[in-house]
Amino acid sequence: MTADLILDDAPPAPVALLPGERIRRVARGGVSLCVREWGDAQAPAIVLLHGLRGYSGTWRPLAAALADRYRLIAFDARGRGESDWDEGRNYYTDAYLADLEAVVAEAGLDRFVLVGHSMGGTTAYAYAVRHPARLHALIVEDITAGSSVGGAGFERIVAEMKALPVRFADWAEARAYWRRLRPNVGEAAIEERLWESMTADPAGGVRWRYDAEGIAATRIAPDPARVIDLWPVIAAIRVPTLVIRGGRSDFCSLEAVRRLEAQNSHLAHASVDGASHYVHDDAPEAFRRLVEGFLAGVTVRAHEDHDDGQ
């Protein structure tokens with residue numbers, strides 16, 4: 001019991017970087033973004049966007065599996081991880097979209113695959129409509145039209161934001177918080193969240209590494225004029241798109257996914273049994289297999305289009 005208490009009180013160990021992991025910064029609109037990259041810089045590119053309270057390192061397991069074939073690029077969204085906070089609290093899709101465009105330009109990408117989870121999925125949908133010729137394919141994890149404006153998952157996230165503690169007395173209290181919030185993930189995932197999203201404060205407690213108050217404010221009481229309506233956006237997508245949803249997700253409505261799939265032949269979906277809103281965390285192997293299988297099919301279609309002179 002004593003050993004367990006000591007472990008709970010200890011700060012998290014630094015997350016290990018993958019072999020060959022590269023970190024750089026990209027400036028956009030007065031905000032400096034932390035960008036991570038894995039794989040050969042000459043390989044086909046995949047850009048990865050994390051969720052509302054996520055961080056670029058959340059994609060390391062996928063990068064570890066794909067870096068032998070792809071160039072993978074992820075970045076901490078403004079206000080998160082090692083990226084700058086936005087003093088004006090501009091945490092809306094238009095800002096995230098402009099940041100993505102800046103990272104793509106700095107990386108020199110002509111065409112690539114775009115992957116987005118939750119909030120990152122909204123940005124990915126918007127990018128696909130604005131820049132269809134830039135994408136080989138789009139993969140979106142557990143978000144669809146209506147997810148961010150209503151439903152059980154929306155209400156859960158808003159409630160979590162309203163109840164978000166400003167700080168914690170110690171690392172034990174911070175660990176207990178994450179275990180309550182994410183009971184389905186293992187201890188390694190809890191430790192990663194502690195390292196990536198929290199830091200010790202001068203008073204001996206623990207505070208958020210990300211702009212918790214600013215991000216919460218734009219989720220609890222957003223400007224309605226800046227909240228994107230995904231129904232027409234997803235209906236307008238013209239690139240091969242796979243939606244991967246958790247079979248137990250309270251956020252990504254299967255009914256909405258199927259409705260849009262029936263309207264748009266470019267869309268397909270897969271549900272992962274047992275997974276929640278965090279499919280790549282809950283079922284990393286199943287997530288990886290779906291990504292690899294979808295990309296293999298997209299590659300075949302791309303060659304066929306080229307052979308036909310299209």
Rounded to the nearest 0.5 Å, how far does CG of Asp281 lie from CZ of Phe287?
10.0 Å
Considering non-hydrogen atoms only, spot the tightest contact between Leu242 and Ala270 and give its length.
CD1-N, 4.1 Å
Any side-chain heavy atom of Ile139 sitting closer than 4.5 Å to one from Val291?
yes
Side chain proximity check, Leu114 to Tyr127, heavy atoms < 4.5 angstrom:
yes
side-chain hydrogen bond (donor to acceptor under 3.5 Å, both in side chains): which pairs involve residues 206-216, sequence neighbours left out?
Tyr91-Asp211
Do other residues, nucleotides or ligands put more than 12 heavy atoms under 6.0 Å from Arg258 CZ?
no
Smallest heavy-atom separation, Asn264 atom then Ala235 atom, equals ND2-O, 3.1 Å
side-chain contact (heavy atoms from CB on, under 4.5 Å) between Arg53 and Leu181, worked out:
CA-CA 12 Å; Arg53 285 170 287 174; Leu181 201 65; 4.0 Å; yes
side-chain contact (heavy atoms from CB on, under 4.5 Å) for Ile46 and Leu295? Distances and angles first, verdict last.
CA-CA 10 Å; Ile46 301 176; Leu295 294 184; 3.8 Å; yes
Assess whether a salt bridge exists between Arg156 and Glu160, defined as any Lys/Arg side-chain N lying under 4.0 Å from an Asp/Glu carboxylate O.
yes
Return the CZ to CG distance between Arg60 and Leu18, rounded to the nearest 0.5 Å.
6.0 Å
So Arg259 and Gln263, do their side chains get closer than 4.5 Å, heavy atoms only?
yes
Using only atom types and a distance under 3.5 Å, with no angle test, would you say the side chain of Arg69 pairs donor to acceptor with the backbone of Ala65?
yes
Residues Ile215 and Gly79: closest non-hydrogen pair is CD1-O, 4.0 Å
Hey, quick one: are Val47 and Val26 part of the same hydrophobic cluster, counting side-chain heavy atoms closer than 4.5 Å, chains of contacts allowed?
yes
Report yes if some heavy atom in the side chain of Leu254 is under 4.5 Å from a heavy atom in the side chain of His269; otherwise report no.
yes
To the nearest 0.5 angstrom, please state how far the OG1 atom of Thr93 sits from the CE atom of Met119.
8.5 Å
Quick one, Cys252 and Val257 - any side-chain contact, counting heavy atoms below 4.5 Å?
yes
Within the supplied structure, the quantity of interest is the number of heavy atoms (other residues, nucleotides, ligands) at a distance under 6.0 Å from Arg130 CZ; does it exceed 12?
no
Applying side chain to side chain contact (heavy atoms under 4.5 Å, CB included), can you list everything that pairs with Arg25, at least two apart in sequence or on another chain?
Ser32, Cys34, Glu82, Asp84
Determine whether His280 and Arg288 make a side-chain contact, defined as any pair of heavy atoms from C-beta on separated by less than 4.5 Å.
no
I'd like to know whether Arg80 forms a side-chain contact (heavy atoms from CB on, under 4.5 Å) with Glu196, so could you lay out the CA-CA distance, the side-chain angles of the two residues, the decisive distance to 0.1 Å, and finally the verdict.
CA-CA 9 Å; Arg80 286 87 164 173; Glu196 295 277 13; over 6 Å; no
Counting N and O atoms only, with roles assigned by atom type, does the side chain of Arg111 sit under 3.5 Å from a partner on the main chain of Leu135, one being a donor and the other an acceptor?
yes
Decide whether Tyr177 and Ile190 are clustered together by the hydrophobic rule: side chain heavy atoms of Ile, Leu, Val, Met, Phe, Trp, Tyr closer than 4.5 Å, transitively.
yes
Closest heavy-atom pair, Ala107 versus Arg24, reported as atoms and distance to 0.1 Å, is CB-NH2, 3.9 Å
Going by distance alone, is a donor N or O of one side chain under 3.5 Å from an acceptor N or O of the other, for Ser271 and Arg245?
yes
If the threshold is 4.0 Å, N to carboxylate O, is there a salt bridge linking Glu292 and Arg289?
no
According to a hydrophobic-cluster definition based on side-chain heavy atoms being under 4.5 Å apart (Ile, Leu, Val, Met, Phe, Trp, Tyr only), do Ile228 and Ile220 belong together?
yes
In this structure, CG of Asp94 is separated from OG1 of Thr123 (nearest 0.5 Å) by 9.5 Å
Any side-chain heavy atom of Arg175 sitting closer than 4.5 Å to one from Trp171?
yes
Do Tyr92 and Tyr125 share a hydrophobic cluster, counting only Ile, Leu, Val, Met, Phe, Trp and Tyr and linking them when any side-chain heavy atoms are less than 4.5 Å apart?
no
Using distance only, find each side-chain donor-acceptor pair of residues 145-154 under 3.5 Å and give its atom names and separation, not counting sequence neighbours.
{"from": "Ser147", "atom 1": "OG", "to": "Thr144", "atom 2": "N", "distance (Å)": "3.0"}
{"from": "Ser147", "atom 1": "OG", "to": "Thr144", "atom 2": "O", "distance (Å)": "3.1"}
{"from": "Ser147", "atom 1": "OG", "to": "Phe251", "atom 2": "O", "distance (Å)": "2.9"}

If you define the side chain from C-beta out and look only at heavy atoms, does anything of Phe75 sit under 4.5 Å from Leu49?
yes
When you measure from the side chain of Arg134 to the backbone N and O of Leu109, does any donor-acceptor pair fall under 3.5 Å?
yes
Can you give me the closest heavy-atom contact between His136 and Pro240, atom names plus distance?
O-CD, 3.6 Å
Got a second to check how far Glu285's CD is from Leu62's CG, nearest 0.5 Å?
10.0 Å
Would you say Leu267 ends up clustered with Val129 if hydrophobic residues are merged whenever their side chains have heavy atoms under 4.5 Å apart, either directly or through other cluster members?
yes
To the nearest 0.5 Å, tell me how far Arg78 CZ sits from Arg28 CZ.
5.0 Å
Nearest heavy-atom approach of Ser83 to Asp76 is OG-O, 2.5 Å
Verify side-chain contact (heavy atoms from CB on, under 4.5 Å) between Phe112 and Ile73, making sure each step is shown before the conclusion.
CA-CA 10 Å; Phe112 59 97; Ile73 301 169; over 6 Å; no
Is there a donor-acceptor contact under 3.5 Å from the side chain of Arg248 to the main chain of Gly246?
no
Would you find a donor on one side and an acceptor on the other, under 3.5 Å apart, between the side chain of Asp170 and the backbone of Asp9?
no
